[in-house]
Amino acid sequence: MFENFGQQSAVSIVVHLLFFAITWWTLMGLRLDLLIKPGKTGHAKVLMILLTIAIGSAVSNFFLNYLLWAQQLQFMF
């Protein structure tokens, strides 16, 4: 029973990190520096990190929920 929790935890960590990397890579294509005042590059970096966490978490949670629901379909029949 507890082995399953360990596997789910490992999959969740890997999926979150994967989607964080994909989100970071995607956001690097945006010119967020145009939205930030000149000389405030630190603010732009923090904004990138926060956007990466917010978007990456939302997408990875959706993916993990979808995976869980797909696994639970077997109990329907």
Side-chain angles (χ1 to χ4, degrees):
M1 178 175 157
F2 290 111
E3 305 87 32
N4 194 20
F5 289 130
Q7 291 173 352
Q8 286 179 348
S9 298
V11 169
S12 295
I13 289 171
V14 169
V15 167
H16 274 81
L17 290 176
L18 175 71
F19 280 108
F20 285 164
I22 292 170
T23 304
W24 180 264
W25 175 73
T26 304
L27 287 177
M28 292 301 289
L30 294 177
R31 295 281 316 262
L32 291 178
D33 57 329
L34 297 175
L35 301 173
I36 307 295
K37 293 179 183 177
K40 302 285 186 176
T41 57
H43 293 128
K45 290 178 184 177
V46 171
L47 178 63
M48 285 284 290
I49 292 169
L50 292 175
L51 282 174
T52 298
I53 292 170
I55 296 170
S57 293
V59 174
S60 61
N61 283 331
F62 169 78
F63 179 79
L64 289 170
N65 282 336
Y66 191 83
L67 183 64
L68 177 67
W69 297 332
Q71 291 173 343
Q72 291 176 347
L73 278 177
Q74 66 181 346
F75 300 118
M76 187 174 170
F77 302 106

_Cluster companions of Val46 among Ile, Leu, Val, Met, Phe, Trp, Tyr (side-chain spacing under 4.5 Å)_ = Leu50
Same cluster or not: [X] versus [Y], using hydrophobic residues (I, L, V, M, F, W, Y) connected whenever any side-chain heavy atoms lie under 4.5 Å apart?
X	Y	value
Leu51	Ile49	yes
Met28	Phe20	no
Ile53	Leu30	yes
Val59	Val11	yes

With [X], which residues qualify under side chain to side chain contact (heavy atoms under 4.5 Å, CB included), at least two apart?
X	answer
Leu73	Met76
Gln74	none
Lys40	Ile36, Lys37, His43

*Under the side chain to side chain donor-acceptor pair (under 3.5 Å) rule, what pairs show up with a residue in residues 21-31, not counting sequence neighbours?*
Arg31-Asp33
_List the residues meeting side-chain hydrogen bond (donor to acceptor under 3.5 Å, both in side chains) with Ser60, not counting sequence neighbours, and say none if there are none._
His16
*Which value, rounded to the nearest 0.5 Å, describes the distance between Thr41 atom OG1 and Leu47 atom CG?*
12.5 Å
*Which pairs pass ring pair (Phe, Tyr, Trp, His ring centres under 6.0 Å) with one or both residues in residues 50-74, sequence neighbours excluded?*
Phe19-Phe63
